[in-house]
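What follows is one structure encoded as structure tokens, with my remarks underneath.
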Amino acid sequence: MKTVLQKISSLMLTVFLICFLLPVRVWASFEIPGTCQVQTDSGAAGTVKTLDYSYVNNTYLSLRDMAMLLKDTEKSFSLEVTQSFVSLTTGAIYSPVGIENTPWESDENPDIPLRRNDFQVDGQKAVYHTLIARLPSGGYDCFMMTTDLAMLLDVSIVFSEEDILKVNTGEPFYASPADLEQAGYFYGVNGVLVGDATTGEIFFRYQSDEPFPIASTSKLMTCLLTMDAISAGQITPSQSVTISEAVEGLAVSGDGVIPLKAGEQITVQELLIGLLLPSSNECALCLAETIAGSEDNFVQRMNEKAQELGLSQAVFYNSHGLPSFTEDSISSKRQNRMSAEDMFRLSSYLLKVYPQITEITSMKEATLESSDFKVQNGNPLLYNMSQVTGLKTGTTNKAGACLVTSLTVEDEGQEHDLVVVVLGSEDSMERGRVSGLLARYALTAFYDGMEDDAGGHLKNLPVHAEAVVDCIIKDAIKQ
């Protein structure tokens, strides 16, 4: 008996130690300090400190080092960095602080969180995930992903075969989706589609006909049915509706966004704002109940509308996109599904029939007057690209991080809506980055034409360890 108890005690101690120690080793982030050599087209060259975040070759560049090398070029920028704030001013001359273009002072890995710090570009809020490090000599430096820096400054950055990072300030940023696909870049997403919603022309697609969970991008269909109800005179934007107990129950749950209380009043317009900006699940449910009497009836209308629009891969189980459980003894966990092509069709139809919806989706923030509750738009590209007008974010564990982006452009006096659909990114950081580079490709494809098989592809794909960055930052524009 004593032996058995000893074995049990030993086993329990082992389990305890594994539970205690393993998460630390698995989840603790780490940054690998390093350096790379950078050369600009102006002739400036020097050492730039780098941080590889969590994975080797997931490289972030020192902004202070880059600012020093670019200070005499047309892509110069000034920089202010504190513990949690970054301000970058393009076109300004950088004032060095004395730590630029030197190796790391210590070989120890710094403990730096990757986060969405307060970031300003030319005095306006921007959304980038960065690393802020306090240097041993004092002061702070900010580290940014190579891709993000190239897009922000609109420059060509590429690693040469000599492992030198070359910056050509005279060439704008350009990304080739076809080459990205060849390099495996889109393995990290479920489906992608880029096109002109006004004409229906498709610029690029990847696994676009396969259905995947779509999370809160489902709310675009909820928005469409709400606009249909307004157009039919069933409801009005200024109409006040009473919040139900079911809506309050969702609001106080872990998936709640806006504190709606049963019995209180809120307008249809406020529900639309809550639906589209902070992605309020309770606002979606309240709209469903208001329009169809119950969510079940509303979901039936969602699926009927999908069939009417020819969305062959679309299936809806609820109005908001959260996982939906069946009432069976062995409950099935279902999620709204759609292909990237279906999402493009839905978005195109919404923008064509109700273009005024971008008056809401282009808002960066708003205040719901009925509850004096301030909401913010979760679309990162709205802060980083002036052409962006919407449309919708979405995230669940199964769906990943999704984003449907709309951009307004003009050609010969006619406005066009471009749409970028990205389904199933690993996280919100990658969602923004993938959507950002595809949105820039959409602008290039619209104004300059699409790639063709004869040209427009990267030649002599580099074999450097940072192959993804090599492919993202194209070294030459299309001829």
Side-chain angles (χ1 to χ4, degrees), residues 211 213-253 255-258 260 262-327 332-338 342-343 345-347 349-350 353-354 357 360-361 391-394 396 399 402 404:
I214 57 174
S216 283
T217 57
S218 306
K219 295 184 175 77
L220 290 178
M221 179 60 84
T222 301
C223 173
L224 174 56
L225 292 183
T226 301
M227 297 304 293
D228 280 348
I230 293 174
S231 178
Q234 179 184 350
I235 57 176
T236 64
S238 60
Q239 175 182 334
S240 293
V241 299
T242 303
I243 298 167
S244 69
E245 292 184 0
V247 170
E248 179 183 355
L250 185 53
V252 299
S253 72
D255 295 309
V257 178
I258 298 174
L260 302 182
E264 294 183 347
Q265 299 280 306
I266 187 171
T267 67
V268 170
Q269 181 71 9
E270 289 177 309
L271 289 172
L272 275 171
I273 292 173
L275 178 85
L276 296 171
L277 266 63
S279 195
S280 166
N281 301 306
E282 51 276 0
C283 284
L285 178 58
C286 193
L287 285 169
E289 293 178 343
T290 300
I291 294 168
S294 71
E295 187 175 39
D296 287 343
N297 292 338
F298 189 81
V299 170
Q300 182 177 345
R301 294 190 187 184
M302 295 174 79
N303 286 304
E304 290 173 352
K305 191 70 175 182
Q307 292 182 359
E308 177 186 326
L309 297 180
L311 311 183
S312 60
Q313 304 289 350
V315 179
F316 294 97
Y317 297 103
N318 55 45
S319 59
H320 39 65
L322 292 173
S324 174
F325 291 86
T326 64
E327 298 180 357
S332 299
K333 185 178 182 181
R334 307 168 305 184
Q335 295 196 38
N336 298 346
R337 299 173 67 86
M338 191 182 290
D342 283 346
M343 186 62 75
R345 294 190 190 100
L346 171 62
S347 303
Y349 181 84
L350 179 61
V353 179
Y354 302 113
I357 200 63
I360 296 178
T361 59
L391 276 173
K392 192 68 195 69
T393 60
T396 66
C402 307
V404 181

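Computed from a predicted structure; not experimentally measured.
- Rounded to the nearest 0.5 angstrom, Ile357 CD1 and Ile360 CD1 are separated by 4.5 Å.
- Put simply, the side chain of Arg337 gets close to the backbone of Pro211: a donor and an acceptor are under 3.5 Å apart.
- Between the side chain of Ser231 and the backbone N or O of Asp228, no donor-acceptor pair lies under 3.5 Å.
- Residues Met338 and Leu346 form a side-chain contact, since some pair of their non-hydrogen atoms from C-beta on lies under 4.5 Å apart.
- The shortest side-chain heavy-atom distance between Leu277 and Thr361 does not fall under the 4.5 Å cut-off.
- Across Ser319 and Met302, no two heavy atoms sit closer than the pair CA-SD, 3.9 Å.
- Two residues are said to be in side-chain contact when any heavy atoms from C-beta on lie closer than 4.5 Å; Pro237 and Leu272 fail this criterion.
- A heavy-atom distance below 4.5 Å is not found between the side chains of Val268 and Thr236.
- Between the side chains of Gln269 and Ser238, not a single donor N or O lies within less than 3.5 Å of an accepting N or O.
- Of all non-hydrogen atoms in Gly274 and Cys283, the two that sit nearest each other are CA-SG, 3.9 Å.
- Atom-to-atom distance recorded for Leu220:CG and Ser347:OG is 5.0 Å, nearest 0.5 angstrom.
- Looking only at distances, a side-chain donor or acceptor of Asp342 sits under 3.5 Å from a matching main-chain atom of Gln313.
- For the atom pair Ile291 CD1 and Thr226 OG1, the distance stands at 3.5 Å (nearest 0.5 Å).
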For side chain to side chain donor-acceptor pair (under 3.5 Å), just list the numbers for Thr396 and Gln335, CA-CA rounded to whole Å, side-chain angles, deciding distance to a tenth of an Å, and then say yes or no.
CA-CA 9 Å; Thr396 66; Gln335 295 196 38; 2.9 Å; yes
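- Looking only at distances, a side-chain donor or acceptor of Glu282 sits under 3.5 Å from a matching main-chain atom of Val257.
- The two residues Thr326 and Ser332 have their closest heavy-atom pair at OG1-N, 2.8 Å.
- For the pair Ser216 (side chain) and Thr393 (backbone), a donor-acceptor distance under 3.5 Å is absent.
- Between Ala399 and Pro213, the shortest heavy-atom contact is CB-O, 3.4 Å.
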How far apart are the C-alpha atoms of Asn297 and Ser294, what are their side-chain angles, what is the distance that settles it, and do they pass the side chain to side chain donor-acceptor pair (under 3.5 Å) test?
CA-CA 5 Å; Asn297 292 338; Ser294 71; 3.2 Å; yes
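- The structure places CG of Leu285 at 5.5 Å from OG of Ser244, a figure rounded to the nearest 0.5 Å.
- To the nearest 0.5 angstrom, His320 atom NE2 is 10.0 Å from Ser280 atom OG.
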Decide side-chain contact (heavy atoms from CB on, under 4.5 Å) for Leu224 and Leu309; before the verdict, give the C-alpha distance in whole Å, the side-chain angles of both, and the deciding distance to 0.1 Å.
CA-CA 12 Å; Leu224 174 56; Leu309 297 180; 3.8 Å; yes
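- Partners of Lys392 according to the side chain to side chain donor-acceptor pair (under 3.5 Å) rule, which considers only residues two or more places apart in sequence or in another chain, are Ser279.
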Let's go through Lys305 and Leu311 carefully: what are the C-alpha distance in whole Å and the side-chain angles of both, what is the deciding distance for side-chain contact (heavy atoms from CB on, under 4.5 Å) to 0.1 Å, and is it a yes or a no?
CA-CA 9 Å; Lys305 191 70 175 182; Leu311 311 183; over 6 Å; no
Could you walk me through whether Arg301 and Glu304 pass the salt bridge (Lys or Arg N to Asp or Glu O under 4.0 Å) check?
CA-CA 5 Å; Arg301 294 190 187 184; Glu304 290 173 352; over 6 Å; no
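- At least one donor-acceptor pair closer than 3.5 Å links the side chain of Asn336 to the backbone N or O of Tyr317.
- Between Phe298 atom CZ and Asn303 atom CG the span is 11.0 Å, to the nearest 0.5 Å.
- Considering only heavy atoms from C-beta on, Thr222 stays 4.5 Å or farther from Phe316 through its side chain.
- Applying the side chain to side chain donor-acceptor pair (under 3.5 Å) test between Thr242 and each of Glu264, Gln265, Glu289 identifies Gln265 as the sole match.
- Residue Glu308 qualifies as enclosed at atom CD: its count of foreign heavy atoms under 6.0 Å is above 12.
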